[in-house]
Protein chains: 2
Amino acid sequence: MLDLAVLGLLKEGDLHGYELNKRLKSLVGGYANSYGALYPALARLERRGWVSSTAVAPDIAVDEQVTDESPRRNRRRTTRSKPGRTRKVYQITEAGEDHLLELLQEDANNERRFRLQLAFCRFLPPDRRLALFELRRAHLVSLQAMARRDPVHSNDPYVRSLFQRDQERREHDLAWLDRLIADERANRPQAPTDR
Amino acid sequence: MLDLAVLGLLKEGDLHGYELNKRLKSLVGGYANSYGALYPALARLERRGWVSSTAVAPDIAVDEQVTDESPRRNRRRTTRSKPGRTRKVYQITEAGEDHLLELLQEDANNERRFRLQLAFCRFLPPDRRLALFELRRAHLVSLQAMARRDPVHSNDPYVRSLFQRDQERREHDLAWLDRLIADERANRPQAPTDR
DNA sequence: GGTTACATGTAACTAGTTACATGATTAG
DNA sequence: CTAATCATGTAACTAGTTACATGTAACC
């Protein structure tokens, strides 16, 4: 799932790990997204040829190659302008873009995954995007039906309250998705079914 | 987290694994809760002394020891009433109940865990229960604040829609929790702060 | 001179899913 | 006789978290 997030973010522009993590936080909102998952994921993506990396020195656009005899004071002057350490900047490859398109269309039964798919669904062709929404909708409807088939057995007020919140959330979610789908259809009155 | 769910269910009454799994499904609603997690969890809980198990033969309360010469027709009659295989029925121990109380008060920053805590919070003393709700409330408020501090940067309509749904969901959740807290306070006007 | 932000990584752990293996019994 | 339900379990995998290790540089 991190793969999806990382490839999506890299499609928007090249980034290094630390920066990726910050964007991930605001994107996923409420998750930890710590480096313990991110850096290994980047290494894996690179091994599979979905991204490539370039080492970038922290001193950008600042002066000449330092000749070896330059004293420490000089060295200190050269290392200005940008923070500390050499960064590894990642860019998405062509194979990576293909893979991203696949990931964007997978499943629909996973809340977290759908969140990411939605965040990057602009990279999908309109028909695939609509298909994704419909798939998610079908899933929500089936959850809805399941909940109706066997309602709460418990008399405990806390359990009842919980299940009612669930119900309301499902309804709200479905209404929201329906608006999304309606907008999607409205913005593409093309593709006339041949007649 | 499964530990919490299993101990909570066993506190309501003794159960075997298969039955536990069914209750788990309706409780957690939308999760898989397959046996691959459940059975190892039960084994672990037993090793730690939080539950104990009893093997129960499938034929309960049904007639005499079958004498060897009884024909197949008879045998079929005897093996009625309950399905196939020997079940392992688990019951919660005293140590298990203590542990359950601890699990019910942990954290509050985990959506899934809080769901389970709420489902079994009736086992908590009223003041601990209220504390749990307040802890969760504080967490939701901090999420709310975080979201307000840095709003959506993106212009993408899908991302915007997503973040707005998040916002609405947080507000709905908070309102729901506040109702829960209000009810809780209303139902215990006792504990007069000494004066 | 200490805290925060920048920057990359590893190791151990938590939590759950998917697929497999096995076998009995029941309902159609 | 065959599909579904009951029943217990293992192995391999997916996905993410927490804690650790290390070091620079900017801010106050």
Next on the checklist: Looking at E106(A) and E102(A), would you say the former's side chain and the latter's main chain have a donor-acceptor pair under 3.5 Å?
Outcome noted: no
Checklist entry - Could you walk me through whether D173(A) and L177(A) pass the side chain to side chain contact (heavy atoms under 4.5 Å, CB included) check? => result CA-CA 6 Å; D173(A) 244 48; L177(A) 231 193; over 6 Å; no
Checklist entry - Which comes earlier along DNA chain D counting from the 5' end, the contact point of P40(B) or that of K22(B), where each point is its nearest nucleotide? => result K22(B)
Checklist entry - What is the distance from CZ of R87(A) to C1' of dG23(D), rounded to the nearest Å? => result 16 Å
Checklist outcome for this item: Rounded to the nearest 0.5 Å, the CD atom of E46(B) sits from the CG atom of L42(B) at a distance of 8.5 Å
Next on the checklist: Quick check for you: among dT10(D), dT8(C), dA15(C), whose closest atom lies nearest to any side-chain atom of Y39(B)?
Outcome noted: dT10(D)
Checklist entry - Nearest-Å distance, CG (L116(B)) to P (dG16(C))? => result 8 Å
Protein N or O to nucleotides 17-21 of chain D N or O, pairs below 3.5 Å:
unit_1: dT17(D); atom_1: OP1; unit_2: A32(A); atom_2: N; d: 3.2
unit_1: dT17(D); atom_1: OP2; unit_2: N33(A); atom_2: N; d: 3.2

Checklist entry - Roughly, in whole Å, what's the span from CG in D3(A) to C1' in dG16(D)? => result 13 Å
Item to check | NZ or CZ of R179(A) within 45° of Y158(B) ring axis and under 6.0 Å | outcome: no
Next on the checklist: Nearest whole Å is fine: how far is dG16(C) C1' from E111(A) CD?
Outcome noted: 17 Å
Next on the checklist: If the cut-off is 4.0 Å, is K88(A) near the phosphate of dG9(C), judged by side-chain N/O to OP1 or OP2?
Outcome noted: yes
Next on the checklist: Please determine whether a side-chain nitrogen or oxygen atom of Y18(A) lies at a distance below 4.0 Å from atom OP1 or OP2 of dT8(C).
Outcome noted: no
Next on the checklist: Could you tell me how far apart E19(A) (CD) and dT8(C) (P) are, to the nearest whole angstrom?
Outcome noted: 10 Å
Next on the checklist: Would E111(B) and R169(A) count as a salt bridge (Lys or Arg N to Asp or Glu O under 4.0 Å) here? Give the steps.
Outcome noted: CA-CA 14 Å; E111(B) 174 94 24; R169(A) 195 182 266 194; 3.2 Å; yes
Checklist entry - Among the clusters formed by ILVMFWY side chains lying less than 4.5 Å apart, do L103(A) and L135(A) turn up in the same one? => result no
Item to check | Gap between atom CZ of R23(A) and atom CG of L10(A) - 0.5 Å precision | outcome: 10.0 Å
Checklist entry - What's the CE-P distance between M1(A) and dA15(C), to the nearest Å? => result 17 Å
Checklist entry - What is the distance from CD of E46(A) to P of dT8(C), rounded to the nearest Å? => result 13 Å
Checklist entry - In whole angstrom, what separates H16(B)'s NE2 from dC6(D)'s P? => result 9 Å
